[in-house]
Number of protein chains: 2
Amino acid sequence: MAMISPSRRLRRTPFSDGVEAAGVKGYTVYNHMLLPTVFESIEEDYRHLKEKVQVWDVACERQVELRGPDAGRLMQMLTPRDLRGMLPGQCYYVPIVDETGGMLNDPVAVKLAEDRWWISIADSDLLLWVKGIVYGFRLDVLVDEPDVSPLAVQGPHAEDLMAAVFGDGVRAVRFFRFGVFQFQGRDMVVARSGYSKQGGFEIYVEGGDIGMPLWNALMESGKPWDVRAGCPNLIERIEGGLLSYGNDMTRDNTPHECGLGRFCNTQTAIGCVGRDALLRVAKEGPVRQICALEMSGARVPGCTHLWPVMAGDRHVGNVSSAAWSPDHGTNVAIGMVRMTHWEAGTQLVVRCPGGDRGAVVREGFWA
Amino acid sequence: MAMISPSRRLRRTPFSDGVEAAGVKGYTVYNHMLLPTVFESIEEDYRHLKEKVQVWDVACERQVELRGPDAGRLMQMLTPRDLRGMLPGQCYYVPIVDETGGMLNDPVAVKLAEDRWWISIADSDLLLWVKGIVYGFRLDVLVDEPDVSPLAVQGPHAEDLMAAVFGDGVRAVRFFRFGVFQFQGRDMVVARSGYSKQGGFEIYVEGGDIGMPLWNALMESGKPWDVRAGCPNLIERIEGGLLSYGNDMTRDNTPHECGLGRFCNTQTAIGCVGRDALLRVAKEGPVRQICALEMSGARVPGCTHLWPVMAGDRHVGNVSSAAWSPDHGTNVAIGMVRMTHWEAGTQLVVRCPGGDRGAVVREGFWA
């Protein structure tokens, strides 16, 4: 693969200096920002993530901030998830859809107050959609991208490391809740969340200037647990069934196809964009859906385009992410498969570079 | 610099196989798609572009297609440029702004028919803004990203090469006009345009399947002129004053600050978003503006963040793009400078990595 060419357009983050000092070997670009993809190797990073603790530069999870009297109304317009019971201090994973029910993003909404929200976004310029809606409906709300850069602490020792830096209070933060904690006199939103199944936290770092001091403090305090710089890990996220917007789903897909139906309350999410389009699919279910697939044979190559999933001559789905899992001794994959062939145990064939592979649909993901 | 990690999310293009066979060495990501940045070296590519002819994979210039009775009204809502005199067959460079007059994109609008347009976009998900506006105003227009991938042919021999593949009719296409020409029985929109000052064309390739046949035909027919795979060139575009959205301008900037006031007719562009915000700046002019700057000393490093431009202790601007120009024997740069210091000949200092550099404001760009 080729090198990535630096430019201002591929924004550096408040933690980039730390990431580079730690010897980052690969990057991707996410929300016009650099996102590390590998330090030692994908498999070394995976092993370390599952056993120790890592600090991740996920500043590319940019925030769309909503402020003002119409913020709550706007937030409900954006998602088919019913937000009426949501309290300040909670985080919700919210599918965001367009008027046809097609996925535009799958962010985490952070309710700071009744009239103030952050939407911690996946890789699309959701800000532009939100601004367009606000303009069209003349809503009384400010929409902007604040100087907030998430830093994740993930792995079995994440809580110990966080407690060492922020105090034991962080241990009481429940899953998908947040509290406000201080670092060097600065308030920071700290949520128990993150893009791994190993447990951990995300720190919403306000103000780029405090980024490297926090990074360095975590690295210093984490020595007893062999802390390292890390990043979302391809193998671990596939094992855990953590979807990636742009990889496993696009605007072509409904939340129901993505297995996100449980985050939709289309009947009661009054006023949400795409409600009309989703009511029927919410009732009857989708005709294709995200599945875990186990692919036979040696290590698969990287999945850079959809790999057709075949049942004989019938094209019944596609694989969108795949990797070799050392822990499971097989190739783990995420694909979307038609209803006729999505039963667990169904034997299929995946047309992947280098030749066809046998594959079997699993009941669920690995973790 | 690190490697770029492949994934489906960083979309390959219909020409990626050709690009890789030609030995691409660097990529950037643009509209969630791979864009080559270097083949031999930035300076070798520059020399060849200025003397020969190159074929560029600019599929990342994605199209936002508008179709339907409200397409024209919508297009005028999107830009402060007055489109009333624009005819089918014309291309207009159009600043797109939000309600505050901040730049959201600087695309080329292609008027295919009164009720059908393509917007050939720079690096932001303009589709989401357009869809938000359409939804909010309930406009009668379909908005989508079609399977259209621009391929550019640039350089002094571009016309000869294009004539060899599409026939002599392409020679009659005027600047920023397009005609429809056939390749292997398929209609293609061919415009005289492109992101260089060396002359050339952009082919709007409809249907990914015809991508590599066209690429190969251009490479084969171009042998007499020493055709090569190329890409937008950093040095050449700075010399020519071709701005890059995300590098030289962002949502923080008005079109007037970007020197794009001549593409705005704010008074007469009735109904355009941002008109209220831009009327005053259109009349009085901006307080800072894009300038060409010549920077002294040896070859500058790559510009990955804004470099402050100083007049003594006063911060009077920023450099956003810079490169060593072999032809001019100096460092060429694009920056934004405050009115108090933008006169040609003004001596300034640029705080760039490795130490301060003297800089002088130029009357205009180099080409």
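Since this is a predicted model, take the numbers as computed values, not measurements. Every chain is numbered from 1, with letters handed out A, B, ... down the list of sequences.
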- Query: Pick from V29(B), L234(B), V24(B): which one has the most heavy-atom pairs with chain A under 4.5 Å?
  - Reply: V29(B)

- Message: Take a 6.0 Å sphere around CZ of R351(B) and say whether it holds more than 12 heavy atoms from other residues, nucleotides or ligands.
- Response: no

- Message: Nearest 0.5 angstrom please: W129(A) CH2 to Y135(B) OH, how far?
- Response: 7.0 Å

- Task: Looking only at non-hydrogen atoms, find the nearest pair between L104(A) and L128(B) and report the distance.
- Result: CD2-CD2, 3.6 Å

- Donor-acceptor contact present, side-chain D125(B) to main-chain S124(A), <3.5 Å: no

- Item | R9(B) and Y245(A), any side-chain heavy atoms less than 4.5 Å apart | no

- Where does S321(B) contact chain A at under 4.5 Å (heavy atoms): side chain, backbone, both or neither? neither

- For R8(A) and S320(B), which heavy atoms make the closest approach, and how far apart are they? NH1-CB, 4.2 Å

- Note on the structure: Rounded to the nearest 0.5 angstrom, the CG-CG distance for L10(B) and N247(A) is 8.0 Å

- Roughly how far, to the nearest 0.5 Å, is CD1 of I42(B) from OG of S5(A)? 6.0 Å

- If you draw a 6.0 Å radius around CZ in R11(A), do more than 12 non-hydrogen atoms from other residues or ligands fall strictly inside? yes

- Item | Nearest heavy-atom neighbours spanning T304(A) and P6(B) | CG2-CB, 3.5 Å

- Given a strict heavy-atom distance threshold of 4.5 Å, which part of V273(A) is in contact with chain B: side chain, backbone, both, or neither? both

- Query: When only pairs under 4.5 Å are counted, which of C303(B), P36(B), S7(B) shares the most heavy-atom pairs with chain A?
  - Reply: S7(B)

- Out of T37(B), D123(B), I133(B), which one racks up the most heavy-atom pairs below 4.5 Å with chain A? D123(B)

- Message: With a 4.5 Å cut-off on side-chain heavy atoms, are M3(A) and K25(B) touching?
- Response: no

- Note on the structure: Here the gap from T250(A) atom OG1 to E145(B) atom CD, rounded to the nearest 0.5 Å, amounts to 10.0 Å

- Query: Do I4(A) and Y27(B) come within less than 4.5 Å of each other through their side chains, counting heavy atoms only?
  - Reply: no

- Query: Could you walk me through whether E99(B) and K131(A) pass the salt bridge (charged side-chain N to carboxylate O under 4.0 Å, His left out) check?
  - Reply: CA-CA 9 Å; E99(B) 76 286 358; K131(A) 280 174 64 79; 3.2 Å; yes

- Between V134(B), L306(B), V130(B), D248(B), the one whose heavy-atom pairs under 4.5 Å with chain A are most numerous: L306(B)

- Message: Is any side-chain heavy atom of L127(B) closer than 4.5 Å to one of R251(A)?
- Response: yes

